[in-house]
Structures are given as C-alpha cells and as structure tokens.
2 protein chains.
Amino acid sequence: MTHRLKPAVVVAPASADGVRAARMEDVAAAAGVSMKTVSRVFNREPNVREATRSRVEQIARQLNYQPNTSARSLAANRSYLVALLYDNPSSNYVMEVIDGVLDACRNAHYNLMLRPIDYTGAGHVEAVAELVAQYRPDGLVLTPPLTDDRALLERLQRLGVRHASLSARPGNAQLGASLNERRAAAEMLEHVVALGHRRIGHITGHRDHGARAWRLAGYRDGLRRAGIEFDPALVIEGEHTFHSGVEGARRLLGLADPPTALFAANDDMAAGVIYEACERGLRIPDDLSVLGFDDTPLSQQIWPGLTTVRQPSRDMGRIAAEQLLLEIRGTGTGQVVQVPYQLQLRRSLGPARQP
Amino acid sequence: MTHRLKPAVVVAPASADGVRAARMEDVAAAAGVSMKTVSRVFNREPNVREATRSRVEQIARQLNYQPNTSARSLAANRSYLVALLYDNPSSNYVMEVIDGVLDACRNAHYNLMLRPIDYTGAGHVEAVAELVAQYRPDGLVLTPPLTDDRALLERLQRLGVRHASLSARPGNAQLGASLNERRAAAEMLEHVVALGHRRIGHITGHRDHGARAWRLAGYRDGLRRAGIEFDPALVIEGEHTFHSGVEGARRLLGLADPPTALFAANDDMAAGVIYEACERGLRIPDDLSVLGFDDTPLSQQIWPGLTTVRQPSRDMGRIAAEQLLLEIRGTGTGQVVQVPYQLQLRRSLGPARQP
DNA sequence: GTGAAAGCGCTAACAT
DNA sequence: ATGTTAGCGCTTTCAC
C-alpha cells in the first residue's frame, strides 16, 4: 500500500507555488538516464560523458531542480555543515570571522552553524560533544581561545572531528590561518620608538589567548632592539575588554612617571585607554599616543583614529574554512596559512612629548 | 544482499570513539518498545504513558542517543532550520540580533542559517529563492530594510515561506518584534529640549529603512511639543554609516548659526558626529550635545559616552525567532511583539551652551 | 496508548 | 560510461 503519492505519477499541488519541487528521479526520467547519473553530475564525479552531463544540467535547470540537502546528508553520511565555535570577546572580530567563514562555505555549498561557547563555563566540552553528536558537522572552525583549549581539543580528537583554527598556538592546529603577531607587535614598537617614545606601556591580552604571549614578546623585542630596558611596572594584565583597557590606563597613567605611549593588545582595550585619557583631560596624541591591535571597525569610529596592526580577520576566517573544506572534500591537503599584517597608522600616534 | 551493517546486529567500531552512535532502533530495543514510541517521546507527542516516557528517556540518556537531524528532516519534510537574512549596516547590530535568534533556535532545537544579502544588488530575490529551494528553511527572520522589500516579500509569499521581521513597517509582517521608535525619538527630544536646547539638528536614517520616517517623525513631534518651529535646514539625509554621520555633522556644524545638539538616527552616525566635532575642536557636551539611537556597544566605547535610545536588539532577535517558531511548530499563534525602549543617558548630552 | 510497515530523496556498493 | 538496488534513520499513516 502506498502512503505517499509520487509526483512522477500523480501531479498534485503541494507547495504554495502550485508545483511540487522536482526530485532527482524527475530529472533522471526527463533526461532519459538513471538517478545515479544525475547524482554523478551534481557531485562532479568522473565517468560521465560530456554530452550526458550537459543534457542533465540543462534539464535540471528547466525543472528548477535543487538537490535536497537532508536526503543527501542522510545517504552520504555527511552533514554538509561546518560549525563555527567562538567565545565572543569582541563582536566586531567575531562578525568579521563569520563573514569570511560564510564566504568559504557558500562557495562550497556548505552550510554554517554558529555556536557561542563560554569556555570558562563548566560543561562547555560536553556542549560541543552534544552538538557534534546531533548535527554531525563535517568540520569545526575554532577561534581563540578555544583553539588552545586542551580538554576540547582532546575530545575533538577522540570524536574524530576535523577542525581548523584561527591564531592557534603552534601544534594545536594542522589547519587554519595565523599571523606573525610577535613580529607585527615588534614592528609597531619600532615605529613608536622612532617617534621618540622611551616610556611605552603595554596592556596585555588575556592569559588564555596565545596572542597575549606573542604580542607581549613583540613588545619586548621592539624595546630590546631600541636598547630600552624592559620595565615590568609598565605592563598591565588586560583581558581584551574595553573595561580592562580603561583599568589598565588608569593604573599606568597614575604612575609618578607615566608612559608617553600605550600599546594595548587589542583595539577594544585601546579604545578604553583613549576613553580614560580623555577623562583625564589628556590630549591624544600630544600628551599620549595610543596603539591597538586588530584593526576592527572600532578603530576608525573613535576619535582620534587608532593606530593599530591590521589583522585580516575576515580573510583568516575564509582561509581557515577553505583549508578545512579542502580536507573534508578530499580535494587537497589543508595547512596553516600565514597571512600578512600591516601597520595601520592613524592619528592616535604622534611624536613623544618633549620633557 | 546487505550492503551496510546494522549495529543492532553486528557491533563494529565505526567512529573514532570506537562505538557507532546509537539510533532510535537501539533505544527502542533496549526499552522494549517500538521506534514509534521513542519517536513520540522525543517529539513530545501525546499518548505516551508517563512510565514509558521516563523509561525511554533514561535509556536514551544511557545510550547517549541523539536524534539524527538529517533523517528527521527527510522523513518529516521539515528542515529544522531558520534562516536569518540581513543586509549588514552595522556589525554590532547584526551580531546582537544573531545572538538573540540563536538563543531561540537552540531552545527549540532548531538550527540557524545566516545569509548576508545586498538588497541593492540585482538578483537578491533570486538568491533567496535559491536558498529556500535548496535548504528549505522552515522560516526566515528578516532585518531592515529587507523587512520592507516589496519584491522579496511577494516572492516569499508565493514560495509559501513564513517569515518574522524586526522593525518592519506595519502591514509588512505578521510576526516579529518592533519598538515604538517614533515615541522613543520624541521622548529623547523632549529631554534635550528640557536642557535648554532650541536648535537641534537631525541626521536621518537611510530612505529604505522604516526607521528613517519614524525617528524623523519623533524628532518633529518633540520639537512641536516644545513649540519649536521645524527648520528643514537642520535635517540632513544620512544612511546609517559612520561616514554619513561625519558628513552630516560637517554640514550642520558649518552653518552660520549651528545647532547646539545633534540627534543622529543611529549610533554609528552619532559616533561620526562626535568624530567630526572633535576634529573641529568642539568640546562635548559643552559646545555640542550628541544623541544616538540603538545603544550598540559602540555607544559606550567612544568618549564621551553616547546618550542614546536603548533598543534591545538581542531581545528583538530572540522574540522574532520565538514568534516564528511558535507558528512553525504549531504550538501557538505568533504576533508582532512591541518591546520597550529606554533613554540611555550618558555624557554626550549636557545643558545648552548659553549664547 | 502502542506498534508495523512504508517511504522521505538521495548515495553507496556492486553490476554491467 | 551507466544502471540497479539496498539502505541511510527517522516520521508518517493506519491498525490495533
């Protein structure tokens, strides 16, 4: 007994459009080939004559055929889904990464799933495991600091889920994109020193982020090359938030002999520094130069414009997803791609105030 | 001939975990019930004895059973997918909306699909139609100005796809969330007037956004109530971007008799106003008060803090998705929910400068 | 309140 | 180079 009507047999209005969507069977029938051949065409498999291929493609277009993703997933045991896991430190950053990953996914006809994760929360590893069990993403993209979360990485390994990472610590990722943050920070420092600054403060990133160590090391490299002795009193622990930038500035600007320039490990904190400097009536850059890192949209929306290191987050998201998809689709071998940085000079940086 | 092994029969290591994921059949067997009963439990259908329900649930937990979404989708002819369409005017805004929608989706075990759309681009309606054909989302969430895109709305209607909207023009949505923007703007104006301002400029939103008319009308309401004559020379067309805020401020502050307060139709433009004012050496709020709308994170990251209308974008995203899901799941009747606004007073607003 | 069986639309394995 | 068939894991329909 047949419970459901086959449109190939009975044409019945089923959607609001008045016509049921075409299935692979319909295309196959119209093209005079088997379903398997249509399947081959749509999956770009070999062993289809060119003439057959183009005929199938034309018919499919005529019938406005769109493969049903659920059926494909079920039969092929793939989800055609990539999940992006992020712990939202800065919505500007995340949004750019999303844009890039989305770009790569759309090109590959993959779908993107988003999952905000609180990596400090208990059970965040379990939450990811559950996501994997339920949706079976073909791969994951991780942003810092999830990229370096030992427990999470081990679990992913056990689950056999591939992942690509942005700015992961070396060894924690085989796939993804990263940037030589240490060299970038050093270069920024050299530039600042060249403008006559000798007392340069630093507000670090959060301890769980690899970026903290790299940017701090770059800061020290820059000082060393200039022959400036490292002064621990000028380094404050931040945690990537605007508020921690304000706090850091408060402490550094409250010193008896305050710095003439402040290098924050990201733009949000740099914005906090500018805010606090303004509160104190300091003029930027006359009284204080401020430097950031990332070049998020924020750096152009505050006054004065923020001098920062341009990190191509959108590209990094796209590249990481591309490397992942290479492996997923078996069309190549993914790697960790180094992307270029660039000093973005804006008006928050000026010559050192003369003593 | 059997091509694939059934784990219920043969236990074979299939995943890296060493154990194949449990299927509904396994749960049914272990609980001594039929698959249909397990299905009923998982879909919260009626007609299951409480004892049976809890036994099934316990077994499922023991076996770590997670329903396979692809199989569910295929069989039920639903995608368990909601797509969010947005034309990215401000990444802060979009990110908040995403967060809210995601929240609602996760609660309902729905997946979210993102689709940035350039509504000015040719073929954007076709792009959406293709997305619908391929992924068959059970519903869409639209953000302005897509909420009021005639061609798009008509197409969705024909395709029979439900949608919920944020801040849609009345009549363009049956589902979603909105805010009385006109009243909010008027209230803001009254507050500004109470501080002695008489010449108050306005930079409008983009013409394609309903918000433009509402916020402009509120601005005029506020002036009228204060008995201040509307001066068209004080209104500049903006387009929601930081840059258009800078431009608008440039023109208004260049007037012979410049305004003492500037109300921008969103925060990004207000940040542009502050930027331009600083460029001119004006002190805020002493020389110029600046007002925004939305209360995105940006309004707290600039100096001085921006006085603005708090629009709960995250809640609006969540609520819109909830209304949509009510209809999708047939568990209720969705509507357009009015959400509250709130004046967010910060230091960019002060008493009018005495002439 | 519960179950049996058909079938959703596709791909995998095996044939030809 | 192309076709045949079983089956992916669930929900639906209908029977009990």
Side-chain angles (χ1 to χ4, degrees), chain A residues 1-9 14 20-29 31-56 60 63 65-80 109 133-136, chain B residues 1-10 14 20-29 31-56 60 63 65-80 109 133-136 329:
Chain A
M1 199 192 304
T2 301
H3 292 293
R4 301 183 201 180
L5 299 177
K6 297 209 165 200
V9 180
R20 198 190 233 280
R23 295 157 311 147
M24 187 177 275
E25 189 180 336
D26 304 323
V27 177
V33 297
S34 73
M35 278 177 62
K36 182 63 215 179
T37 298
V38 179
S39 173
R40 285 195 178 95
V41 170
F42 269 81
N43 292 299
R44 300 187 193 338
E45 283 172 36
N47 292 339
V48 182
R49 219 182 318 158
E50 188 44 43
T52 314
R53 176 180 302 279
S54 57
R55 184 155 38 90
V56 167
L63 297 183
Y65 170 70
Q66 297 284 149
N68 178 315
T69 309
S70 309
R72 251 158 71 85
S73 300
L74 182 58
N77 194 28
R78 286 156 157 251
S79 60
Y80 299 96
H109 290 282
Q134 189 161 4
Y135 294 99
R136 277 144 213 173
Chain B
M1 199 191 306
T2 301
H3 293 294
R4 302 181 199 181
L5 299 176
K6 297 209 166 199
V9 181
V10 180
R20 196 189 236 279
R23 296 157 312 148
M24 188 176 275
E25 190 179 335
D26 305 324
V27 177
V33 297
S34 73
M35 278 177 64
K36 181 62 217 181
T37 298
V38 179
S39 175
R40 284 197 178 94
V41 170
F42 269 81
N43 292 299
R44 301 186 194 335
E45 283 171 36
N47 293 338
V48 183
R49 218 181 320 157
E50 189 43 43
T52 314
R53 177 181 303 279
S54 58
R55 184 154 40 89
V56 167
L63 297 182
Y65 170 69
Q66 296 285 151
N68 179 314
T69 309
S70 308
R72 251 159 70 86
S73 300
L74 182 58
N77 194 28
R78 288 154 156 252
S79 58
Y80 299 96
H109 290 283
Q134 191 160 4
Y135 293 100
R136 277 144 218 179
R329 309 164 95 192

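Treat the numbers as computed from the prediction; the structure is a model and nothing was measured. Every chain is numbered from 1 and lettered A, B, ... according to where its sequence line falls, protein lines coming before strand lines.
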Under 4.0 angstrom between A:Asn43 side-chain N/O and C:dT11 OP1 or OP2: yes

Under-4.0 Å side-chain N/O to phosphate OP1/OP2 contact, B:Arg49 with C:dT2: yes

Separation of atom CG in B:Asn77 from atom C1' in C:dA6, rounded to whole Å: 16 Å

Closest heavy-atom pair and its distance - B:Glu25, B:Met35: CA-CG, 3.9 Å

Residue-phosphate contact under 4.0 Å: A:Tyr80 side-chain N/O, C:dC10 OP1/OP2: no

Closest non-hydrogen atom pair between B:Arg55 and B:Val33, with its separation: NH1-CG1, 4.2 Å

Positions of residues 31-41 of chain A (non-hydrogen atom under 4.0 Å from DNA chain C), listed by number: A:Met35, A:Lys36, A:Ser39

Presence of A:Asn47 side-chain N/O under 4.0 Å of D:dA1 phosphate oxygens OP1/OP2: yes

Straight-line distance of A:Gln66 CD to A:Arg23 CZ, nearest 0.5 Å: 15.5 Å

Qualifying residues under side-chain hydrogen bond (donor to acceptor under 3.5 Å, both in side chains), relative to B:Ser70, sequence neighbours excluded: none

Partner residues of A:Ala22 under the side chain to side chain contact (heavy atoms under 4.5 Å, CB included) criterion, sequence neighbours left out: A:Asp26, A:Leu63, A:Tyr65

Terminal axes of the helix from C:dG1-D:dC16 to C:dT16-D:dA1 (five pairs each): angle between them, nearest 10 degrees: 20°

Minimum heavy-atom distance A:Arg53-A:Val41, with the two atoms named: NH1-O, 3.8 Å

Side-chain polar contacts of residues 42-52 of chain A - donor-acceptor pairs under 3.5 angstrom, sequence neighbours left out - could you list them?
from    : atom 1 : to      : atom 2 : distance (Å)
A:Asn43 : OD1    : A:Arg72 : NH1    : 2.8
A:Asn43 : ND2    : A:Ser39 : O      : 2.9
A:Asn43 : ND2    : A:Ser39 : OG     : 3.4

Distance test, side-chain N/O of A:Ser70 to OP1/OP2 of C:dC8, below 4.0 Å: no

Side-chain heavy atoms of B:Asn68 within contact of A:Arg136, under 4.5 Å: yes

Distance, rounded to the nearest Å, where B:Met24 contributes CE and D:dT12 contributes P: 11 Å

Sugar-phosphate only, base, or nothing, as touched by A:Tyr65 at under 4.0 Å among non-hydrogen atoms: sugar-phosphate

Between D:dG9 (P) and B:Asp26 (CG): distance, integer Å: 9 Å

Sugar-phosphate, base or nothing in reach of A:Pro46, heavy atoms under 4.0 Å: nothing

Interatomic distance, A:Arg78 CZ vs C:dC10 P [rounded to whole Å]: 17 Å

Spacing between B:Arg55 atom CZ and C:dG1 atom P, to the nearest angstrom: 15 Å

Atom-to-atom span, NE2 of B:His109 to P of D:dT11 - whole angstrom: 13 Å

Length of the line joining A:Arg72:CZ and D:dG9:P, which is rounded to integer Å: 18 Å

With B:Tyr80 via ring-ring contact (aromatic ring centres under 6.0 Å, His included) - residues at least two apart: B:Tyr110

Spacing between A:Glu45 atom CD and C:dT11 atom C1', to the nearest angstrom: 8 Å

